[in-house]
Chemist: 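Submitted below is the structure of interest, expressed as structure tokens.
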Amino acid sequence: MPKFYITTAIDYSNGDPHLGHALEKIGADCIARYRRLAGDAVHFLMGMDEHSQSVIQAAAAAGVTPQAWVDRMASSFADYWRRLQCSNDDWIRTTEPRHARAVTALLERIRARHPDDLFEAEYAGLYCTGCEEFKTGAQIVDGHCIEHPTLTLIPTKERNHFFRLSGYRDAVLERIRSGVLAVEPEIRRNEVVRLLEAGLQDISISRQRQPWGIPFPGDPQQTVYVWFDALINYLSATGFPDAGYDRLWPADLHVIGKGITRFHCIIWPAMLLAAELPPPRAVWAHGYVQWSGAKMSKTAGTAVSLGEAIDHYGADALRYFLLREVGFANDGDFTWERFDARYTADLANTLGNLVKRSLDMIHSYRAGTVPKGERGAGPLGPPGPPGPLDDAARVCSAAYQKAMDACRLEEGAVQWMELAGRANRYIQETAPWELKKAGKDAELDTVLASLARTVARLAVLAHPFVPTTSETIWGLFGPPAPLAQVRLAHLSDLDVGGRAVAKPPILFPKPRLAPA
RNA sequence: GGCGGCGUAGCUCAGCUGGUUAGAGCAGCGGAAUCAUAAUCCGCGGGUCGUCGGUUCGAGUCCGACCGCCGCUACCA
């Protein structure tokens with residue numbers, strides 16, 4: 001059983017999670033759940049990034065200690081991820097001892113293997129005494145810090161530890177070009193390659209005057225710069241440097257936002273190479289959730305809160321909407337109109353109604369027991385002659401797996417829904433109610449058995465996207481095996497003939513249109 | 001400024017290495033059916049494929065210019 005170590009970016013502890021955070025976690029969770037269905041030994045990591053100056057500021061503003069602040073934030077984020085059914089196996093926080101230990105160990109390992117890669121140098125920049133940090137770029141307006149326009153920025157020099165990033169340009173570039181380190185989607189890979197081709201500068205990896213951080217090994221006067229610290233979380237969670245960490249490492253997939261490819265595709269691999277550790281195998285950089293085509297910015301006042309979006313139709317519906325409509329590669333729009341349209345057309349009308357009508361007919365015509373049809377096999381027995389829906393399931397499932405293997409989650413969702421659509425057409429074509437009236441029992445058995453099989457298969461394909469609904473549908477058959485034990489490879493053999501089915505619920509109720 | 005991407009039916013998008021009447025889903029309109037959440041199924045799409053010019057027997061599909069969006073170019077998690 002191949003292992004599959006997948007991670008999300010760890011979130012910064014300075015505000016509540018929003019739809020953008022949610023898209024990333026849901027997408028990663030979708031991939032993790034899919035890999036489990038495919039039979040991999042999945043290890044799925046999520047967590048929090050809890051160091052740096054802005055944490056101190058946020059804590060001070062809230063009148064609590066930094067630790068109390070990050071505890072509160074971590075609890076809040078974790079609560080949202082539970083509501084969204086994230087199936088992470090581990091949850092790491094960069095304030096944990098296991099993380100500090102790994103950061104120290106990694107730096108010491110670099111120093112031991114490539115001593116020249118770490119050196120001290122002067123860092124010069126504009127320092128804001130209000131923020132207690134260096135300011136660059138857009139943080140400076142008219143020569144003043146945007147947070148403290150009345151203060152004067154002070155040109156300051158600071159002695160820092162540096163990492164010789166420049167020495168790893170060729171090695172990282174070669175890995176990305178050859179695909180040994182896969183960067184997807186392609187547009188992100190091209191951006192990274194161009195960045196590498198343009199050349200790299202060495203980077204400062206320590207800070208003075210930053211008490212809220214991990215002490216720099218051998219120089220307790222300084223702390224490890226927050227980005228350098230944060231990236232290492234993926235390694236910390238494997239147990240590094242203890243023996244056995246390589247049961248998980250290297251990571252098979254880092255799921256991140258498109259804005260941080262530079263850190264994950266260039267700096268992080270270089271850090272690992274310097275320590276003579278294998279770089280990750282793949283990085284997937286998703287796009288952003290927009291609100292009516294505009295950026296969803298925290299400062300501009302987010303148009304919709306994550307809590308609202310979850311409460312609207314439930315976690316499954318939000319998961320499906322984000323993955324199907326917003327997508328996991330490009331930017332996409334969240335609007336209530338689109339959410340409603342997707343929910344109604346796909347989840348309620350196509351899938352929910354299919355499950356309901358199919359199983360209701362089994363109750364009306366066969367007293368709630370799935371006919372064995374022409375198959376006559378047990379619950380997971382060998383298939384008999386395949387019907388049109390079995391063919392459709394095979395085709396859709398193959399396309400689904402091809403898409404999901406490539407992290408094209410939208411396409412996976414399309415294929416899943418396509419099978420449900422085929423089943424609806426099958427009902428129309430075979431008209432079971434006519435078969436019932438005409439007393440064509442054998443044909444009716446075949447049709448109902450075929451529908452039941454298809455519904456069960458849809459429950460399996462649904463799992464990465466709508467885990468709760470998936471379990472609900474699967475549970476209706478009183479299945480012999482928990483869904484967690486089902487594998488995609490068994491899908492064609494899946495049968496529910498002879499099983500008693502529960503009365504189907506309305507899976508995705510449509511709110512009555514409110515009178516105007 | 002540098003590098004790159006996008007601009008195809010009301011909406012979201014497919015259209016690979018150029019080749020018969022430009023496609024899908026959703027929405028809309030018409031019809032059928034009644035197992036089902038008034039759900040489903042069938043039928044209906046003349047949209048200058050951003051603009052202009054070029055290459056070619058032939059171009060959303062290649063080249064150039066232009067217009068309009070957008071991304072990456074920050075030691076901002």
Side-chain angles (χ1 to χ4, degrees), chain A residues 9-15 21 48-55 94 123 125 133-140 146 160 162-163 165 186-188 190-195 197-198 201-207 225-231 233 256-264 267 285 287-288 290 293 295 324-327 330-333 335 337-338 341-342 344-350 352-365 410-411 414 417-418 421 423-436 447-448 451 504-512:
Chain A
I10 52 176
D11 295 310
Y12 198 37
S13 303
N14 67 348
H21 292 100
M48 297 296 292
D49 180 12
E50 307 190 312
H51 288 308
S52 109
Q53 187 66 32
S54 48
V55 167
T94 57
Y123 178 87
E133 65 182 1
F134 287 100
K135 295 290 170 181
T136 57
Q139 292 175 312
I140 301 172
I146 53 177
N160 287 149
F162 277 70
F163 171 58
L165 181 64
E186 188 179 20
I187 180 169
R188 309 285 67 113
N190 292 341
E191 283 176 3
V192 169
V193 165
R194 274 177 243 116
L195 254 180
E197 287 170 344
Q201 292 193 324
D202 297 334
I203 55 171
S204 160
I205 60 168
S206 73
R207 286 291 184 279
Y225 175 57
V226 63
W227 254 110
F228 202 84
D229 160 356
L231 286 164
N233 89 86
I256 61 169
K258 66 180 184 182
I260 55 178
T261 50
R262 167 190 190 81
F263 298 96
H264 286 78
I267 298 175
Y288 293 151
Q290 304 194 324
K295 276 184 186 173
R324 172 64 184 84
E325 181 83 14
V326 175
N330 301 317
D331 293 353
D333 246 11
T335 68
E337 292 71 25
R338 284 166 182 269
R342 247 333 145 189
T344 302
D346 294 358
L347 293 176
N349 293 354
T350 299
N353 188 47
L354 170 71
V355 173
K356 184 82 162 68
R357 67 196 300 216
S358 299
L359 301 194
D360 272 350
M361 284 192 284
I362 289 173
H363 276 275
S364 300
Y365 303 151
E410 305 98 303
E411 178 61 17
V414 166
M417 234 8 109
E418 171 63 20
N424 275 321
R425 272 169 264 149
Y426 178 76
I427 293 176
Q428 207 67 28
E429 290 159 9
T430 57
W433 49 93
E434 300 287 352
L435 298 175
K436 173 65 177 176
V447 167
L448 295 179
L451 280 172
I506 290 178
L507 294 169
F508 297 100
K510 282 186 286 191
R512 274 306 240 208

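Naming convention: chains lettered A, B, ... in sequence-line order (proteins, then strands); numbering from 1 in each chain. Below, each value reflects all heavy atoms present in this structure, side chains not excepted, and no hydrogens, waters or symmetry copies.
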Chemist: Return the CG to CG distance between Leu354(A) and Asn349(A), rounded to the nearest 0.5 Å.
Modeler: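 Leu354(A) atom CG to Asn349(A) atom CG measures 11.5 Å (nearest 0.5 Å).
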
Chemist: Measure from NZ on Lys356(A) to C1' on U34(B) and round the result to the nearest Å.
Modeler: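 It is 14 Å, rounded to the nearest whole Å.
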
Chemist: Over all strands shown, is Ile203(A) touching base, sugar-phosphate only, or nothing at heavy-atom distances under 4.0 angstrom?
Modeler: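 The residue Ile203(A) makes no contact with any strand.
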
Chemist: Side chain of Arg342(A): nearest nucleotide among G25(B), U12(B), C41(B)?
Modeler: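 Nucleotide nearest to Arg342(A)'s side chain: G25(B).
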
Chemist: Syn or anti for G43(B), please, going by whether the chi angle lies within 90° of 0.
Modeler: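 Classified anti.
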
Chemist: Touch check for Ser204(A), heavy atoms < 4.0 angstrom, all strands: base, sugar-phosphate only, or nothing?
Modeler: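 Base, at least one base heavy atom under 4.0 Å.
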
Chemist: Between C1' on A38(B) and CG on Asn349(A), what's the gap in Å once rounded to a whole number?
Modeler: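 Computing the Asn349(A):CG to A38(B):C1' distance gives 10 Å.
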
Chemist: Out of G71(B), U34(B), C76(B), which nucleotide sits closest to the side chain of Lys258(A)?
Modeler: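 Closest nucleotide among those given: G71(B).
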
Chemist: Side chain of Phe263(A), heavy atoms from C-beta onward: which of C72(B), C76(B), C35(B) has the nearest atom to it?
Modeler: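 The closest nucleotide is C76(B).
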
Chemist: For the residue pair Ala345(A) and Thr350(A), what are the closest heavy atoms and their distance?
Modeler: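 So the two residues come closest at O-OG1, 2.8 Å.
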
Chemist: Confirm from the modelled atom types if Asn353(A) and A36(B) form a donor-acceptor pair under 3.5 Å, side chain to base only.
Modeler: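 Checked by distance alone, the answer is yes.
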
Chemist: Using the P atoms only, state how far A33(B) lies from G19(B), rounded to an integer number of Å.
Modeler: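 Nearest-Å result for G19(B) against A33(B) at atom P: 44 Å.
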
Chemist: For C13(B) and C29(B), measure between their P atoms and round to the nearest Å.
Modeler: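 Per the computed distance, 24 Å lies between those P atoms.
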
Chemist: Taking atom C1' of U12(B) as reference, at what distance in whole Å does atom CE of Met417(A) sit?
Modeler: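 Met417(A) atom CE is separated from U12(B) atom C1' by 16 Å.
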
Chemist: Nearest heavy-atom pair of Lys258(A) and Ala285(A): which atoms, and what distance?
Modeler: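 Heavy-atom minimum between the residues: CA-CB, 3.9 Å.
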
Chemist: Below the 4.0 Å mark, does U37(B) have OP1 or OP2 next to a side-chain nitrogen or oxygen of Lys510(A)?
Modeler: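 Negative; the distance criterion is not met.
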
Chemist: Just N and O in the side chain of Tyr225(A): are any of them under 4.0 Å from OP1 or OP2 of C76(B)?
Modeler: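 Yes, because at least one side-chain N or O of Tyr225(A) sits under 4.0 Å from OP1 or OP2 of C76(B).
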
Chemist: Heavy atoms only, 4.0 Å cut-off, all strands: where does Leu354(A) land among base, sugar-phosphate and nothing?
Modeler: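 Answer is nothing: Leu354(A) stays at 4.0 Å or more from every strand.
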
Chemist: For Watson-Crick and G-U wobble pairs within 3.5 Å on both distances, what is RNA chain B written in dot-bracket notation, | included for inter-strand pairing?
Modeler: (((((((..((((.....[...)))).(((((.......))))).....(((((..]....))))))))))))....

Chemist: Which one, U34(B), C72(B), C35(B), comes nearest to the side chain of Glu434(A)?
Modeler: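 Closest of the options to the side chain of Glu434(A): U34(B).
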
Chemist: Going from NE2 on His51(A) to CG on Asp229(A), what distance comes out if it is rounded to the nearest 0.5 angstrom?
Modeler: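 So the NE2 of His51(A) and the CG of Asp229(A) are separated by 4.5 Å.
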
Chemist: Starting at CG of Leu451(A) and ending at P of U40(B), how long is that distance when rounded to a whole Å?
Modeler: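 These atoms are roughly 16 Å apart.
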
Chemist: Measure the spacing between CG of Asp11(A) and CE of Met48(A) and express it to the nearest 0.5 Å.
Modeler: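 Asp11(A) atom CG to Met48(A) atom CE measures 6.0 Å (nearest 0.5 Å).
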
Chemist: On RNA chain B, nearest-nucleotide positions of Ala348(A) versus Trp433(A): which is more 5'?
Modeler: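 It is Trp433(A) whose nearest nucleotide is closer to the 5' end.
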
Chemist: Looking at Ser13(A) and Glu50(A), what are the two nearest heavy atoms and their distance?
Modeler: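 Closest heavy-atom pair between Ser13(A) and Glu50(A): OG-CG, 3.5 Å.
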
Chemist: Rounded to the nearest angstrom, tell me the gap between atom OH in Tyr365(A) and atom C1' in C35(B).
Modeler: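 Answer to the nearest Å: 5 Å.
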
Chemist: I'd like the P distance from G23(B) over to G60(B), given in whole Å.
Modeler: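 Rounded to whole Å, the distance is 14 Å.
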
Chemist: Between C72(B), C26(B), U73(B), which one does the side chain of Arg262(A) approach most closely?
Modeler: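 The answer is U73(B).
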
Chemist: What's the separation between atom CG in Asn190(A) and atom CG in Leu195(A), rounded to the nearest 0.5 Å?
Modeler: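 Answer for the CG-CG pair, Asn190(A) versus Leu195(A), is 11.5 Å.
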
Chemist: For the residue pair Gly352(A) and Leu507(A), what are the closest heavy atoms and their distance?
Modeler: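 Smallest heavy-atom distance, with atoms named: CA-CD1, 4.2 Å.
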
Chemist: Would you say C3(B) has OP1 or OP2 under 4.0 Å from some side-chain N or O of Asn190(A)?
Modeler: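 No, Asn190(A) has no side-chain N/O under 4.0 Å of OP1/OP2 on C3(B).
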
Chemist: Roughly how far apart, to the nearest Å, are C70(B) and G58(B) at atom C1'?
Modeler: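 Going atom to atom, C1' in each nucleotide, I get 33 Å.
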
Chemist: When you compare G10(B) with C67(B), how far apart are their C1' atoms, in angstrom units rounded to a whole number?
Modeler: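 24 Å, rounded to whole Å.
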
Chemist: Measure CD/Glu337(A) against P/U12(B) and give the value in whole Å, please.
Modeler: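 Interatomic distance, CD of Glu337(A) to P of U12(B): 13 Å.
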
Chemist: With rounding to the closest Å, how many angstrom separate the P atoms on G5(B) and G43(B)?
Modeler: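 One P to the other, the span is 39 Å.
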
Chemist: Side chain of Gln428(A) only, heavy atoms from C-beta on: which candidate in U40(B), C76(B), U12(B) is closest?
Modeler: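 For Gln428(A), the side-chain atoms sit closest to U40(B).
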
Chemist: With C1' as the reference atom in both, quote the distance from G4(B) to A22(B) in angstrom, rounded to an integer.
Modeler: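 Here G4(B) and A22(B) have their C1' atoms 28 Å from each other.
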
Chemist: Whole-Å distance between C13(B) P and Glu418(A) CD?
Modeler: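 After rounding, the reported distance stands at 20 Å.
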
Chemist: When you match Arg194(A) and Gly421(A) each to their closest nucleotide on RNA chain B, which lands nearer the 5' end?
Modeler: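 It is Arg194(A), whose closest nucleotide lies nearer the 5' terminus.
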
Chemist: Once you round it to whole Å, what is the distance between P of U73(B) and CD1 of Ile187(A)?
Modeler: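 Rounding to the nearest Å, CD1 of Ile187(A) and P of U73(B) are 12 Å apart.
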
Chemist: Which nucleotide wins on minimum distance to the side chain of Arg425(A), given the candidates U73(B), C42(B), U40(B)?
Modeler: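 That would be C42(B).
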
Chemist: Work out how far the P atom of U21(B) is from that of G25(B), and round it to whole angstrom.
Modeler: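 Their P atoms lie roughly 22 Å apart.
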
Chemist: Please find the pair of heavy atoms, one from Tyr426(A) and one from Leu451(A), that lie closest to each other, and give the distance.
Modeler: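 That closest heavy-atom pairing would be CD2-CD2, 3.9 Å.
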
Chemist: On a heavy-atom basis, which atom in Ser204(A) and which in Tyr225(A) lie closest, and how many Å separate them?
Modeler: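 Closest approach of Ser204(A) to Tyr225(A), heavy atoms only: O-CD2, 4.1 Å.
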
Chemist: Checking all strands, does Leu435(A) fall into the base, sugar-phosphate, or nothing category for heavy-atom contacts under 4.0 angstrom?
Modeler: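 The residue Leu435(A) makes no contact with any strand.
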
